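See structure below.
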Amino acid sequence: MSENEQAGGFSADWLRLREPLDLAARNEALAQGFKAALKPRGGEALRLIDLAAGSGANLRALAPCLGRDQDWTLVDHDPLLLAAQRVEIKRWAREHGWACVDDGSLLRINTGAARWQVRGLQIDLARDLERIDLSAGEDRKSTRLNSS
């Protein structure tokens, strides 16, 4: 058992194994209802915050369904899972033939039809929830996908 699992967390390997099963269990009608409920402003990218994001499986499942430009913040307390986010998201983008640029603080994925920005944020939700920046815009340079 890894140190992460002993501390009550999940390993990136375990999350990778269960992702196909989680994906198969997703309800397409629920995803479409979520998409319909979003109220984007004009041409702005959708802004999504995924709490306890693990290795980013929710982004990989929902981003293609939502289809338009998106700005994701993936929040987790585990630095190993934050590092796994980068690896898994870049692998996933390559498998789909999408361009993925990693500038060290942000992943930028260009699908041709949409552009997605992904950043990670390491925080303990029980203690530091207020550190999540809920303001709109791209001026959130303080959050990093691979926080130290």
Side-chain angles (χ1 to χ4, degrees), residues 2-5 7-27 30-35 37-41 44-111 113-148:
S2 74
E3 180 180 321
N4 186 32
E5 291 167 314
F10 301 103
S11 75
D13 291 337
W14 184 80
L15 291 173
R16 189 177 308 108
L17 288 172
R18 70 174 271 170
E19 186 170 346
L21 301 170
D22 289 343
L23 191 57
R26 285 183 178 262
N27 181 315
L30 183 62
Q32 291 302 319
F34 176 68
K35 178 181 178 179
L38 296 174
K39 305 288 185 219
R41 290 186 241 162
E44 289 184 24
L46 292 174
R47 178 126 187 274
L48 300 116
I49 300 172
D50 186 359
L51 303 178
S55 62
N58 200 37
L59 167 124
R60 291 189 294 279
L62 279 178
C65 171
L66 300 177
R68 56 178 292 146
D69 291 353
Q70 300 164 42
D71 183 356
W72 286 78
T73 300
L74 305 180
V75 178
D76 207 283
H77 75 285
D78 186 339
L80 296 175
L81 291 179
L82 289 170
Q85 285 175 5
R86 295 183 87 75
V87 171
E88 294 298 324
I89 292 168
K90 289 190 284 189
R91 176 196 52 76
W92 170 72
R94 275 192 313 271
E95 287 176 359
H96 284 83
W98 300 327
C100 182
V101 175
D102 181 352
D103 73 7
S105 64
L106 188 69
L107 291 176
R108 297 176 195 276
I109 302 166
N110 187 337
T111 71
R115 290 181 303 274
W116 305 328
Q117 296 188 131
V118 185
R119 67 187 48 77
L121 176 61
Q122 181 184 0
I123 65 168
D124 180 336
L125 292 173
R127 292 182 302 148
D128 300 320
L129 191 58
E130 70 282 350
R131 283 192 46 216
I132 298 174
D133 182 0
L134 300 177
S135 64
E138 292 187 28
D139 56 338
R140 294 173 288 122
K141 303 295 185 208
S142 64
T143 60
R144 298 182 358 205
L145 193 54
N146 191 6
S147 299
S148 340

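For the numbers below, each heavy atom of this structure counts, side chains included, while hydrogens, waters and symmetry mates do not. Quick caveat, the model's predicted, so the values are computed rather than measured.
Across all non-hydrogen atoms, the minimal contact from Ala63 to Trp92 is CB-CH2, 4.4 Å. For the pair Ser55 and Glu88, the tightest heavy-atom approach, listed with the atom from each and the gap, is O-CB, 4.0 Å. The two residues Leu74 and Ala53 have their closest heavy-atom pair at CB-CB, 3.6 Å. Minimum interatomic distance between His77 and Gln122 (heavy atoms only, all atoms of both residues): O-NE2, 3.2 Å. Nearest heavy atoms, Trp98 versus Pro64: CH2-CG, 4.3 Å.
Taking CG of Leu82 as the reference point, atom CG of Leu121 lies at 8.0 Å (rounded to 0.5 Å). Here Asp50 contributes atom CG and Asn58 contributes atom CG; the two are 4.5 Å apart, rounded to the nearest 0.5 Å. To the nearest 0.5 angstrom, Leu48 atom CG is 6.5 Å from Leu38 atom CG. With values rounded to the nearest 0.5 angstrom, Thr73 atom OG1 is found 8.5 Å from Ile132 atom CD1. Interatomic distance, Ile109 CD1 to Cys100 SG, rounded to the nearest 0.5 Å: 4.5 Å. Distance CD/Gln85 to CG/Leu80: 11.5 Å, rounded to 0.5 Å.
Evaluation of the side chain to side chain contact (heavy atoms under 4.5 Å, CB included) rule for Asp128 yields Ile123, Asp124, Glu130, Arg131 as partners, not counting sequence neighbours. The salt bridge (Lys or Arg N to Asp or Glu O under 4.0 Å) search around Arg115 returns Asp69, not counting sequence neighbours.
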Under the side chain to side chain contact (heavy atoms under 4.5 Å, CB included) criterion, do Leu62 and Lys35 qualify, and how do the steps go? CA-CA 9 Å; Leu62 279 178; Lys35 178 181 178 179; over 6 Å; no
Would you sort out whether Val118 and Leu59 count as a side chain to side chain contact (heavy atoms under 4.5 Å, CB included), showing the intermediate values? CA-CA 9 Å; Val118 185; Leu59 167 124; 3.6 Å; yes
Go through the steps for Arg108 and Asp103 under the test side chain to side chain contact (heavy atoms under 4.5 Å, CB included), then give the verdict. CA-CA 8 Å; Arg108 297 176 195 276; Asp103 73 7; 3.8 Å; yes
Could you walk me through whether Leu46 and Arg68 pass the side chain to side chain contact (heavy atoms under 4.5 Å, CB included) test, one step at a time? CA-CA 7 Å; Leu46 292 174; Arg68 56 178 292 146; 3.5 Å; yes
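By the 4.5 Å heavy-atom criterion applied to side chains, Phe34 and Leu66 are counted as neighbours. For the pair Arg119/Ser105, no side-chain contact is recorded, criterion being any heavy-atom separation below 4.5 Å from C-beta on.
A donor-acceptor pair is defined here as one N or O able to donate and one able to accept, closer than 3.5 Å; such a pair exists between the side chain of Asp76 and the backbone of Gly54.
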